[in-house]
Amino acid sequence: MSRSKPRHILFRVVLPGLFFYLYWVADQYGVAWFSLVAGEMLAGEYGLGYLIWNSFIMVQYPVIVIAMVTLGAIGGRAALS
């Protein structure tokens, strides 16, 4: 019966499992972020989702673009951390 070295266990078992878990956490963070914005659009009175929806109703396209860029910047920054 052969015994695996700790280095082999780390590189062939632990790290592949860890990468999958980290990807899953980042993916779920994105789902939560989009759900928050959708909730603000539907029932909120504050936030970026409300600002985008209200600007759409009032036909204020520059405000929509600025809010969407801000939304993407916050989401991108959060994904990097």
Side-chain angles (χ1 to χ4, degrees):
M1 185 180 208
S2 67
R3 192 177 156 152
S4 296
K5 295 180 181 177
R7 184 182 64 186
H8 289 139
I9 293 173
L10 176 68
F11 286 111
R12 294 185 184 196
V13 177
V14 175
L15 289 181
L18 179 67
F19 291 142
F20 174 76
Y21 176 74
L22 290 177
Y23 174 76
W24 181 82
V25 169
D27 187 46
Q28 295 305 310
Y29 188 81
V31 170
W33 181 249
F34 285 122
S35 299
L36 173 71
V37 173
E40 288 175 354
M41 285 181 174
L42 294 176
E45 294 182 11
Y46 305 104
L48 285 172
Y50 174 75
L51 179 66
I52 292 170
W53 185 252
N54 194 32
S55 299
F56 174 74
I57 298 296
M58 303 297 260
V59 191
Q60 297 173 337
Y61 296 119
V63 176
I64 294 172
V65 172
I66 291 169
M68 290 176 70
V69 168
T70 304
L71 190 65
I74 292 171
R77 174 69 179 123
L80 292 176
S81 62

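The figures that follow rest on heavy atoms only: side chains count, while hydrogens, waters and symmetry mates do not.
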Give a yes or no on whether [X] and [Y] share a hydrophobic cluster (residues Ile, Leu, Val, Met, Phe, Trp, Tyr; joining criterion: side-chain heavy atoms under 4.5 Å apart).
X     : Y     : answer
Tyr46 : Trp33 : no
Leu71 : Ile74 : yes
Val14 : Phe11 : yes
Met58 : Tyr50 : no
Trp24 : Val31 : no

Quiz prompt | Aromatic ring proximity, centroids under 6.0 angstrom, Trp53 and Phe56 | solution =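 So the answer is yes for these two rings.
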Heavy-atom closest contact ([X] atom, [Y] atom, distance):
X     : Y     : value
Leu10 : Pro16 : O-CD, 4.4 Å
Ser4  : Ile9  : CB-CG1, 3.9 Å
Ile52 : Met68 : CD1-CG, 3.9 Å

Spatial distance of atom [atom1] ([X]) from atom [atom2] ([Y]) [nearest 0.5 Å]:
X     : Y     : atom1 : atom2 : value
Leu48 : Ile66 : CG    : CD1   : 11.5 Å
Lys5  : Arg12 : NZ    : CZ    : 11.0 Å
Leu51 : Met41 : CG    : CE    : 9.5 Å

Quiz item: Near Gln28 CD, under 6.0 Å, is it more than 12 heavy atoms from other residues, nucleotides or ligands?
Solution: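 Yes, because the 6.0 Å sphere around CD of Gln28 holds more than 12 heavy atoms from other groups.
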